[in-house]
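Values reported hereafter were calculated over all heavy atoms of this structure, with side chains retained and with hydrogens, waters and symmetry mates removed. Not measured: the values here are computed from a predicted model.
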Amino acid sequence: MKTTQTFSILIWANNARATSEGMSLWVRITIDGKRAEFSLKKRVLPEKWDPKAGYMKGNSDEAKTVNNYINQVKAELFKIYTQMQMLDEFITAESLKLRFTGGKEDKKTILQVFDYHNSQLEKVVGIDVVRPTYIKFLTIRAKLADFIKFQYKESDIFLQELNHQFLTNFEFYLKTEEKIQHNTTMKYIQNFKKIVYIAIRNRWLMQNPFADFHCSFKKVERNALTADEIAILENKTIKVERLKAVRDLFVFSCYTGLAYIDVMRLTPQNLSIGIDREYWLFTERKKSGEKVKIPLLPQALTILEKYKSHPAVINSGGLLPHLSNQRLNSYLKELADVCGIEKNLTFHLARHTFATTVTLTNGVPIETVSKLLGHSSIKTTQIYAKVVENKLSSDMLLLRQKLNPRPDKNQEAKKLG
């Protein structure tokens with residue numbers, strides 16, 4: 001990528017390396033404020049050296065020989081620099097030095113480091129991480145590769161080209177070209193940051209491009225069904241069989257908090273008697289690998305009972321009907337129309353409903369809800385902890401009754417009037 005760079009060459013005598021034969025002559029290359037140095041393998045006596053000019057003093061044969069050599073070195077460095085510019089190479093002081101001296105430079109690219117990370121991650125799938133985590137990094141890698149082609153017209157670029165502008169351009173690209181929402185964009189960049197830190201820890205990259213870049217997340221209102229809307233779904237007479245199954249799957253999630261993939265993976269082996277001698281689900285979240293233990297509420301148990309003899313369910317080896325996520329969410333929109341529910345029904349909305357309307361609103365402690373949802377941190381659960389207005393109202397009513405057990409309503413009305 002062609003950029004405007006500052007470039008200078010300084011020839012200097014290193015007094016710290018002086019011997020009886022004189023001071024060692026060195027070359028200092030500076031590009032964009034970054035230096036690289038190497039020795040010219042020549043020495044001069046201190047009294048014969050002009051530090052301001054960068055040449056030997058006088059017209060002696062020795063001075064002419066050394067000064068001519070200095071000019072040749074400068075000319076060759078300028079020539080190499082120009083050639084690298086013409087080839088649109090990424091130029092650093094170190095790369096120019098190595099090109100001149102014939103050394104080897106281990107310049108790694110962004111996607112090379114990403115591939116290094118992903119190959120390591122793939123080996124621990126099923127051990128330390130779940131497969132969706134690996135797939136997530138493959139997705140981010142693909143987005144990054146598309147961005148590099150879009151922004152730089154290259155298949156890859158060197159790590160040294162990473163800077164604050166790269167990150168802001170990547171953010172802008174994800175939002176405008178990929179049409180990705182802000183929080184998902186931030187999550188992509190946050191995970192890309194992990195790749196960059198691998199390069200920094202391995203000393204493949206000396207500067208941290210994230211030093212002045214902060215991933216900011218916007219608060220998202222987690223929508224959920226009200227108790228009345230759940231009742232409408234449960235009590236609605238539905239004649240279409242496929243919508244009945246969709247309704248049952250959705251309501252089951254409302255009373256268990258299980259995500260789509262975790263409902264689809266349920267088998268009779270996940271159903272067992274718990275410590276209270278009631279039926280529980282013992283399973284594992286596909287997304288995080290967290291163990292989940294869910295005491296079954298009567299509504300969820302009724303749905304399982306309904307399908308325990310269903311031929312298709314028995315043949316699948318599961319506990320409930322199987323539908324693709326895409327088809328299920330499509331049918332949920334149809335179900336919402338049939339039931340007169342104006343909210344955008346998605347299967348994940350059922351999980352939100354369990355967290356808020358079914359549990360938190362009914363006084364279940366957030367620590368318990370966190371365990372039921374299979375969250376590794378209670379901070380994750382707190383995004384669901386939106387107290388709905390009727391819960392807030394009922395709590396304040398109880399507080400009023402405790403503070404003033406028998407208020408005179410007429411007196412209160414007079415005060416307000």
- Tell me, yes or no, whether the heavy-atom count around Arg203 atom CZ, taken from other residues, nucleotides or ligands under 6.0 Å, exceeds 12. no
- Would you say Glu178 and Tyr173 make side-chain contact, with heavy atoms under 4.5 Å? yes
- Please check if the side chain of Asp50 supplies one atom and the backbone of Met56 the other of a donor-acceptor pair under 3.5 Å. no
- Query: Do His117 and Lys194 have side-chain heavy atoms sitting under 4.5 Å apart?
  - Reply: no
- Around atom NZ of Lys306, are there more than 12 heavy atoms of other residues, nucleotides or ligands at under 6.0 Å? yes
- If only atom types and distance count, is the side chain of Ser119 paired as donor or acceptor with the main-chain N or O of Tyr116 below 3.5 Å? yes
- Query: Taking atom CG of Asn68 as the centre, does the number of heavy atoms from other residues, nucleotides or ligands within less than 6.0 Å exceed 12?
  - Reply: yes
- Write down the atom of Ser253, the atom of Phe354, and the distance for their closest heavy-atom approach. O-CB, 3.8 Å
- Say you draw a straight line from CZ of Arg247 to SG of Cys254; how long is it, rounded to the nearest 0.5 Å? 11.5 Å
- Does the ring center of Phe166 lie less than 6.0 Å from the ring center of Phe147? yes
- Message: Checking the side chain of Thr302 only, and the main-chain atoms of Pro298 only, is there a donor and an acceptor separated by less than 3.5 Å?
- Response: yes
- Message: Checking side-chain polar atoms at under 3.5 Å, does Thr92 have a donor or acceptor matched by the opposite partner on Glu94?
- Response: no
- Message: Salt bridge check, Arg285 against Asp262: does any charged N sit closer than 4.0 Å to a carboxylate O?
- Response: yes
- Query: Would you say the side chain of Leu296 lies within less than 4.5 Å of the side chain of Thr256, judging by non-hydrogen atoms?
  - Reply: yes
- Item | Pair Lys175 + Glu171, salt bridge at N-O below 4.0 Å | yes
- Query: Does the side chain of Asn71 reach to within under 4.5 Å of the side chain of Tyr55, using non-hydrogen atoms?
  - Reply: yes
- Kindly check if the number of other-residue, nucleotide or ligand heavy atoms within 6.0 Å of NZ (Lys149) is above 12? no
- Message: Keeping Thr357 on the side-chain end and Leu225 on the backbone end, is there a donor-acceptor pair under 3.5 Å?
- Response: yes
- Spatial distance of atom CG (Leu167) from atom NZ (Lys193) [nearest 0.5 Å]: 10.0 Å
- Query: If we only count heavy atoms from C-beta on, is the Phe217 to Asn183 side-chain gap below 4.5 Å?
  - Reply: yes
- Message: With a sphere of 6.0 Å drawn around NZ of Lys57, does it hold more than 12 non-hydrogen atoms of other residues, nucleotides or ligands?
- Response: yes
- Determine whether more than 12 heavy atoms belonging to other residues, nucleotides or ligands lie under 6.0 Å from atom CD of Glu21. no
- Message: Pairing donors with acceptors under 3.5 angstrom, does anything connect the side chains of Asn329 and Asn325?
- Response: yes
- Item | Any donor-acceptor N/O pair, Asp156 side chain to Leu111 backbone, under 3.5 Å | yes
- Task: Measure the spacing between OG1 of Thr381 and NZ of Lys371 and express it to the nearest 0.5 Å.
- Result: 10.0 Å
- More than 12 heavy atoms of other residues, nucleotides or ligands under 6.0 Å from CZ of Phe282: is that the case? yes
- How many angstroms lie between CD1 in Ile31 and OG1 in Thr6, if you round to the nearest 0.5 Å? 8.0 Å
- Item | Exam field: side chain Lys97 to backbone Glu37, donor-acceptor pair closer than 3.5 Å | yes
- Sub-3.5 Å donor-acceptor pair from the side chain of Thr359 to the main-chain atoms of Ala355, do we have one? yes
- Message: Once rounded to the nearest 0.5 Å, what's the spacing between atom OG1 of Thr353 and atom CG of Leu233?
- Response: 9.0 Å
- Query: Any side-chain heavy atom of Leu323 within less than 4.5 Å of one from Phe347?
  - Reply: no
- Message: Around atom CD1 of Ile273, are there more than 12 heavy atoms from other residues, nucleotides or ligands closer than 6.0 Å?
- Response: yes
- So, does His310 use its side chain to make a donor-acceptor pair with the main chain of Leu320 at under 3.5 Å? no
- Note on the structure: When every non-hydrogen atom of Lys343 is compared with those of Glu229, the smallest separation belongs to NZ-OE1, 2.9 Å
- Check whether any side-chain heavy atom of Arg327 lies under 4.5 Å from a side-chain heavy atom of Arg242, and answer yes or no. no
- Task: Would you indicate whether the side-chain heavy atoms of Ile29 and Phe100 approach each other to under 4.5 Å?
- Result: no
- Does NZ or CZ of Lys143 lie under 6.0 Å from the centre of the six-membered ring of Tyr188, at an angle within 45° of the ring axis? no
- Item | Nearest heavy atoms of Leu266 and Leu258, plus distance in Å | CD1-CD1, 3.9 Å
